[in-house]
Amino acid sequence: MDAIAGIDGVDGTEATDYTQATDTQQLGAGQAGRHRGRPHAVWLRAWLWCAAAWRDFLYLVMPADCVVCGAEDYTLCPECSAALRQQTAAPFRAEHSADALVGVAGNPLLPVIAAGEYRDALSQAILGFKNHGRTELGPPLARCLARALLVVNSSSGTEQLATSELLLLVPIPSTGSGWRRRGFDPLALILRALIREARLPSGMELVPLLRIKARPPWRTTNQKGLGRAARRRNVRNTMAVAGKTVRNFRLQAKPSGQSVILIDDVLTTGSTLREAAKTLEIAGFRVRAAVVLAAARAPSSTTESTTEG
């Protein structure tokens, strides 16, 4: 997989091809990047008109507001959609904000690429998607995640990988309580939209290797509201590697250091990612890095003492 030095020019539109360079220097002298305009084919204009009419009809039957500003008849209004793209246009290393992913000497235990900070339009979109059933936000969030995946193998991202090496994208599994509360797996919907729009970078394959171990209900606690130490204890020994065959992907008997990239939605203390990395490393995989939609601030010591006390 070729190293990608940057992500300037990736705007998240449906017509974007991640293998196409958008910088004029990469395209060559005298050439310019392609932009989406009015389609020339009559059938395509008719199709887009019918899609817009159907969308307006759905908003008439089931009214919806923009999750960020509250504008009527929008999942994300044009202004908020542009703000979301701008907020996630420059993915960054975020492991230093998660104490579970930093060693005693300050060295990173697991590199983490975050699409953006957990604030403003990105936080509102994630909250609406996960907690309020706004599943139509899956594709916009998938485009944000795709930008972060592009820099995994770049010089500004993580360590350089072999060109022919296959990267296994392993999502963090959803807990049973989360399934029952929401009725869906948020991360699975985002990844499904990522594949449906063909935004998965070359050299990567999505493989749900991890599963949550069954635990009695009285031993199950939601991570939300817990402090740093409580989060680490809550996820300890809660994951396991799935069977030898995972959705038509047959695992090797001895992984022998197969490279893995972990995928999650929000990074807080990093306890969940660290537990997932430990589980995969014990099984013989090599966890290269993790990619998250947003990086949030870890709970403060006041929250931790209040929760534990």
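Every value quoted in this text rests on a predicted model; they were computed, and no experiment measured them. No hydrogens, no waters, no symmetry mates; every other heavy atom, side chains included, goes into these values.
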What is the distance from atom CG of L141 to atom CG of L84, rounded to the nearest 0.5 Å?
6.5 Å

State which residues pass salt bridge (Lys or Arg N to Asp or Glu O under 4.0 Å) with D265; sequence neighbours excluded, sorted by chain then number.
K130

Within-4.5 Å side-chain heavy-atom neighbours: I263 and L191:
yes

Are P171 and L206 close enough that some pair of their side-chain heavy atoms sits under 4.5 Å apart?
yes

Hey, what do you get for CZ (R199) to CG (L145), rounding to the nearest 0.5 Å?
11.5 Å

Hydrophobic cluster membership, L262 vs L109, 4.5 Å side-chain cutoff
no

So which heavy atom on S174 is nearest to which on I212, and how close?
O-CG1, 3.7 Å

Electrostatic pair E281:K278 at N-O distance under 4.0 angstrom:
no

To the nearest 0.5 Å, how far apart are CG in L169 and CD1 in I195?
8.5 Å

From L48 atom CG to L44 atom CG, the distance as rounded to the nearest 0.5 Å
4.5 Å

Run the side-chain contact (heavy atoms from CB on, under 4.5 Å) test on L149 and I113 for me, step by step, so that the C-alpha distance in whole Å, both residues' side-chain angles and the decisive distance to 0.1 Å come before the verdict.
CA-CA 8 Å; L149 286 174; I113 303 294; over 6 Å; no

Single-linkage hydrophobic cluster M204~V151, side-chain heavy atoms < 4.5 angstrom
yes

Answer yes or no: is there a side-chain heavy-atom contact under 4.5 Å between V112 and R93?
no

What are the two closest heavy atoms between G270 and L101, and how far apart are they?
O-CD2, 3.6 Å

Would you please test V260 and R288 for side-chain contact (heavy atoms from CB on, under 4.5 Å) and show each step?
CA-CA 6 Å; V260 167; R288 298 283 192 148; over 6 Å; no

Rounded to the nearest 0.5 Å, what separation is found between the CZ atom of R192 and the CG atom of L187?
11.0 Å

Would you check if Y118 and L127 make a side-chain contact, meaning some heavy-atom pair closer than 4.5 Å?
yes

F184: ring-ring contact (aromatic ring centres under 6.0 Å, His included) partners, not counting sequence neighbours:
F129

May I ask you to test the E79-C69 pair for a side-chain heavy-atom distance under 4.5 Å?
no

V67: side chain to side chain contact (heavy atoms under 4.5 Å, CB included) partners, not counting sequence neighbours
L76, R134, L137

About how many Å separate SG of C66 and CG of D73, when rounded to the nearest 0.5 Å?
11.5 Å

Which heavy atom in M239 sits nearest to a heavy atom in T272, and how many Å separate them?
CE-CG2, 3.5 Å

Look only at the side chain of E117 and the backbone of A295, and say whether a donor-acceptor pair between them is shorter than 3.5 Å.
no

side-chain contact (heavy atoms from CB on, under 4.5 Å), that's the test. Do V266 and L293 meet it? Break it down for me.
CA-CA 6 Å; V266 180; L293 261 178; 5.8 Å; no

Steps toward side-chain contact (heavy atoms from CB on, under 4.5 Å) verdict (V170, I261):
CA-CA 6 Å; V170 179; I261 303 293; over 6 Å; no

Listed partners of S81 passing side chain to side chain donor-acceptor pair (under 3.5 Å), at least two apart
R85

Are L168 and V241 co-members of a hydrophobic cluster defined by side-chain heavy atoms under 4.5 Å apart?
yes

If I compare all heavy atoms of L267 with all of A94, which pair ends up nearest, and what's the gap?
CD2-O, 3.6 Å

Taking side chain to side chain contact (heavy atoms under 4.5 Å, CB included) as the test, write out the residues that go with Q87, two or more places apart.
R119, D120, A121, L122

Given R286 and S259, is the side chain to side chain donor-acceptor pair (under 3.5 Å) satisfied, shown in steps?
CA-CA 5 Å; R286 184 179 181 185; S259 295; 5.8 Å; no

Nearest heavy atoms of A296 and S97, plus distance in Å
O-OG, 4.4 Å

What one should report as the nearest heavy-atom pair of V102 and H96 is CG2-CA, 3.9 Å

Can you list the residues that meet the salt bridge (Lys or Arg N to Asp or Glu O under 4.0 Å) rule with R196, with sequence neighbours excluded?
none

